[in-house]
Amino acid sequence: MPRIAALDYHSQRRKRGLAVMSILSILVVLMFIVSMNTGYIRLTPMELLNTLLGRGTDKQELILLQFRLPRIVISVLIGAALAVSGAVMQGVFRNDLADPGILGINAGAGLMVMLLISFYPTASAAPAYVLPLMAFVGAGATAILIYALSYKRHEGIKPIRLLLTGVAVASGISAAMIVLTLRLDPDKYQFVATWLAGSIWGTSWKYVLSLLPWVVILLPYVIYKARVMNVLNLGEQTATGLGAHVPGEQFRLLAAAVGLAAASVAVSGGIGFVGLVGPHLARRLVGPKAQLMLPVSALLGALLVITADTVGRRIMQPSEIPTGIVVAVIGAPYFLYLLARTKA
Amino acid sequence: MNPQASAEAGLTRGMEAPKLRSRPWAATLILIGGLLALALGVAVSVSFGAADIKLSVVWTSIFHFNPDLTDHQVIREVRLPRVLGGVMIGAAFAVAGAIMQGMTRNPLADSGLMGINSGAGFALALCFAFLPNLPFMYLVLYSFIGAGAGAGIVYGIGSMARGGLTPARLVLAGAAFSALLTALSEGIALYFRIGQDLAFWYAGGLAGTSWLQLQVMSPWIVAAILAAVALSRSVTMLSLGEEVAKGLGQRTTLVKIAGTVIVLVLAGSSVSVVGAVGFIGLMVPHLTRYLVGVDYRWIIPCSAVLGSLLVVFADLAARMVNPPSETPVGAIISLVGVPFFLYLARKERREL
């Protein structure tokens with residue numbers, strides 16, 4: 001009897017997971033359509049369809065295909081990437097507060113952007129294509145530095161040491177940024193602050209192409225590793241006992257998470273909240289099993305960022321609210337509601 | 001990983017390494033040596049500044065005050081309140097952080113997690129945007145109200161849930177609500193272009209500390225630190241895990257409420273006076289735990305002393321780096337503290 005009950009439970013979970021996934025997918029597609037139609041210049045649904053089929057005017061094509069579409073695609077990609085990255089970090093560190101920023105990715109990228117901006121006479125003089133590259137370099141270098149600092153001979157890496165080292169390095173970088181902040185002139189400061197708050201500003205296909213390989217390779221890789229993540233969740237000793245090569249698996253998963261987050265941060269700035277909250281939301285919707293939780297996290301992250309980006313473009317036209325701010329304003333209340341409603 | 005499981009996993013992880021030792025000798029040494037060093041630091045800090053004043057003059061200005069001498073005036077009205085403010089704030093942040101880490105059993109916890117920093121920051125952003133030219137004392141008052149409201153809401157949301165307030169839930173509610181408030185403050189700052197002013201306030205500075213603030217603050221902070229010491233036994237028990245504490249006969253809800261009120265008073269008043277010098281609350285308790293072991297009866301008083309020491313010397317450094325202008329003390333604390341923290345994180349002999 002208990003065995004049947006257990007089977008029942010699992011099939012229920014799977015059914016619920018599939019239902020949640022299909023609902024989320026539909027919502028993402030809906031938001032995609034709404035978002036294409038949101039902006040300073042309104043397009044009717046028919047114009048939208050015609051333009052997509054290649055029968056629009058030049059102006060419509062320019063707006064839709066060159067400005068809006070790449071931005072929307074980017075928001076979907078980074079939402080999914082950041083949420084999955086956060087899920088991996090929370091799983092490997094086994095800490096609820098872990099997010100992609102925990103390995104210093106946001107701080108490193110932010111510092112690089114700030115340094116770069118402070119070298120140019122005005123904020124707009126900095127070449128736009130160098131910024132994401134430098135942000136990526138800063139993010140990756142910080143993650144590597146943190147990893148190297150917490151490596152010890154004979155025992156390698158321990159998650160708790162990595163976590164504390166990450167926090168320390170990130171706050172050191174933040175301190176350096178505060179000192180720099182006070183010396184920037186107001187215009188540059190405004191630019192950096194907008195960047196740090198998280199706004200999708202890489203709005204061309206070039207950025208989509210630079211982001212796509214990371215997401216296309218690493219996202220399936222992490223989901224493929226779902227079983228390993230389940231085992232790691234049981235604790236290091238149990239995982240080792242079950243035959244997992246724990247340090248190696250941890251390293252591979254973390255490397256994937258860093259790659260996903262660094263690529264996203266480079267084009268979007270500090271939208272860290274998705275990585276913190278996406279996985280928690282997913283866990284509360286479909287349970288802790290990684291095979292369900294990871295795809296649901298990805299979908300939720302994508303939905304959250306695309307919604308936030310759309311809302312941010314809509315509310316205060318023609319100026320925009322940074323997406324990161326809208327993400328937190330939408331995501332936090334929903335998360336708090338779920339937190340209060342569901343049992344731990 | 002659900003929060004409950006992670007909390008339990010944390011417990012077993014602690015069990016893996018049965019090094020739950022306490023080191024009373026080290027703790028006594030820290031208390032005595034730390035207090036001596038603190039006295040020295042206060043003396044040096046008072047005598048050092050834009051106008052160099054001899055230690056003997058410092059002595060006479062305190063015990064034989066002569067209002068006609070400029071040096072005496074500078075010491076009495078500018079430097080002394082500043083240093084005493086540093087002592088109090090360092091102790092307050094460190095003790096608040098120690099209690100948070102003990103109660104939530106999360107090594108990343110500090111008073112910022114209760115929504116205190118972000119609540120104060122949000123109130124400040126509102127003040128800067130809508131009530132410019134507000135007198136300093138009102139800014140302090142409003143940011144304390146903001147801190148209290150932030151903590152109250154986090155606590156309320158955390159305990160509204162079925163199954164009551166678990167540490168994991170408190171931490172998550174705090175992180176989410178803080179993110180919300182921070183985002184709103186960022187939005188206000190960007191819209192009204194007041195980001196740099198806010199950043200300066202937020203980065204922390206002891207420069208404006210006045211006797212009036214100290215008079216308002218000190219009874220609360222002293223009382224809260226004493227209460228924290230009185231509560232320390234219960235915090236130790238709670239740090240072994242909620243079930244263990246309950247099993248040992250503790251009324252955990254009561255302890256958690258008391259702990260939260262203490263954290264609110266300590267961190268709320270400090271944040272409103274100097275800004276979010278959050279790193280003290282995170283780092284000092286870890287440092288202390290490494291030095292004196294896992295017994296919060298020692299951790300809490302030693303954290304207070306070490307926190308004061310750190311802030312007093314960081315403030316001194318903040319004035320020395322680039323005189324006569326000042327570097328934000330929060331930045332100095334991080335820059336000094338980070339290498340040290342990294343060193344500790346590498347040491348084998350550490351527990352959570």
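Numbers restart at 1 for each chain; the letters A, B, ... are given by sequence-line order, proteins then strands.
Here the closest non-hydrogen pair linking A183(B) and I325(A) is O-CG2, 3.4 Å. In this structure, L190(B) and P322(A) approach most closely via the heavy-atom pair CD1-CG, 3.5 Å. Nearest heavy atom pair, residue A176(B) against residue L336(A), reads CB-CD2, 4.0 Å. Annotation for L276(A) and A175(B): closest pair CD2-CB, 4.1 Å, computed over non-hydrogen atoms.
We find the CG-CZ distance between L180(B) and F273(A) to be 7.5 Å, quoted to the nearest 0.5 Å.
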